[in-house]
Trainee: 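Sharing a structure here in structure tokens format.
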Amino acid sequence: MPVRAPRLCACGHRVPSGARCPCEARRDAERKARFDKARPSASARGLGADWRRLRTDHLARNPWCCRCGRPAQEVDHIIPRREAPERRLDPTNLQSLCTPCHSGAKQREERLQHKGTVK
Ligand SMILES: [Zn+2]
Ligand SMILES: [Zn+2]
């Protein structure tokens, strides 16, 4: 098999066949860094460290589901974040729920919302 000749990169570098020029590798790294920076952080998505701390704290103090009394895994907003985003971190706006009650409540809420939009 004949050895392919090295190619000449746009930057003037002679690059062995099949290899990447250092300038291309650097461009790749820069693109990746930009991509990582563009990704929204956890706090930007509304799940910041303050919420996680509050949530853990609330579950520690209220370990039982407030609907059925089983062990709670979820912390729910009594007034939904959609309606009162400023009460997202208000400890008096939180309730502990078990996973089935939490998903049940959310589904009911969405059905109500759906009805409201149908009219
Ligand atoms: Zn190059
Ligand atoms: Zn429950």
Side-chain angles (χ1 to χ4, degrees):
M1 222 165 88
V3 179
R4 279 191 290 164
R7 65 193 171 88
L8 197 64
C9 175
C11 72
H13 232 85
R14 213 181 253 290
V15 190
S17 170
R20 294 178 72 66
C21 173
C23 84
E24 290 172 325
R26 197 174 54 236
R27 258 204 310 276
D28 281 355
E30 277 167 10
R31 199 176 303 137
K32 191 183 176 303
R34 258 203 311 278
F35 178 77
D36 285 349
K37 231 192 270 169
R39 222 168 12 197
S41 69
S43 55
R45 288 195 305 264
L47 298 165
D50 45 2
W51 163 245
R52 276 198 301 275
R53 204 179 314 118
L54 189 67
R55 185 185 183 284
T56 309
D57 197 51
H58 187 84
L59 273 180
R61 275 178 297 138
N62 308 276
W64 311 109
C65 173
C66 70
R67 284 175 200 245
C68 71
R70 279 186 295 209
Q73 292 87 21
E74 311 284 345
V75 173
D76 189 45
H77 291 94
I78 299 167
I79 299 177
R81 272 164 60 178
R82 202 175 45 244
E83 285 167 38
E86 74 283 3
R87 293 190 65 188
R88 185 172 78 85
L89 298 174
D90 181 348
T92 64
N93 190 37
L94 301 179
Q95 58 184 355
S96 295
L97 290 177
C98 68
T99 307
C101 285
H102 184 252
S103 47
K106 285 296 149 203
Q107 273 160 21
R108 209 165 32 251
E109 203 177 274
E110 268 148 38
R111 265 204 300 280
L112 280 174
Q113 215 197 358
H114 187 64
K115 248 187 233 163
T117 57
V118 167
K119 257 186 234 189

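All residue numbers refer to positions in the sequence shown, counting from 1.
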Trainee: Taking side chain to side chain contact (heavy atoms under 4.5 Å, CB included) as the definition, give me every residue that meets it alongside Ala25, ordered by chain and number, with sequence neighbours left out.
Mentor: none
Trainee: Are any non-hydrogen side-chain atoms of Cys23 and Cys9 less than 4.5 angstrom apart?
Mentor: yes
Trainee: Give me each pair satisfying salt bridge (charged side-chain N to carboxylate O under 4.0 Å, His left out) with a member in residues 8-17, each pair once, sequence neighbours excluded.
Mentor: none
Trainee: Would you say the side chain of Leu94 lies within less than 4.5 Å of the side chain of Leu54, judging by non-hydrogen atoms?
Mentor: yes
Trainee: Applying salt bridge (Lys or Arg N to Asp or Glu O under 4.0 Å), run through Glu83 and Arg88 and close with a yes or a no.
Mentor: CA-CA 10 Å; Glu83 285 167 38; Arg88 185 172 78 85; over 6 Å; no
Trainee: Do you know which two heavy atoms are closest between Leu59 and Ala72, and how far apart they sit?
Mentor: CD2-O, 3.8 Å
Trainee: Could you check if a side-chain atom of Arg87 sits within less than 4.5 angstrom of a side-chain atom of Thr92, using non-hydrogen atoms only?
Mentor: yes
Trainee: Would you call Arg31 and Asp28 a salt bridge, using N to O less than 4.0 angstrom?
Mentor: yes
Trainee: Could you tell me whether Arg61 and Asp57 make a salt bridge, using a distance below 4.0 angstrom between a side-chain N and a carboxylate O?
Mentor: yes
Trainee: Salt-bridged, Glu74 to Arg67, with N to O below 4.0 Å?
Mentor: no
Trainee: Among the clusters formed by ILVMFWY side chains lying less than 4.5 Å apart, do Val75 and Leu89 turn up in the same one?
Mentor: yes
Trainee: Considering all heavy atoms of both residues, which atom of Gln73 and which atom of Cys98 are nearest to each other, and what is their separation?
Mentor: OE1-CA, 3.6 Å
Trainee: With sequence neighbours left out, what residues match Arg34 under side-chain hydrogen bond (donor to acceptor under 3.5 Å, both in side chains)?
Mentor: none
Trainee: Before we go on, tell me: are the rings of His77 and Trp51 under 6.0 Å apart, centre to centre?
Mentor: yes
Trainee: Taking the side chain from Gln95 and the backbone from Asp76, do they hold a donor-acceptor pair closer than 3.5 Å?
Mentor: no
Trainee: Give a yes or no answer on whether the side chain of Arg70 reaches the backbone of Pro100 with a donor-acceptor pair at less than 3.5 Å.
Mentor: no
Trainee: Any non-hydrogen side-chain atom of Cys66 less than 4.5 Å from a side-chain atom of Ser96?
Mentor: no
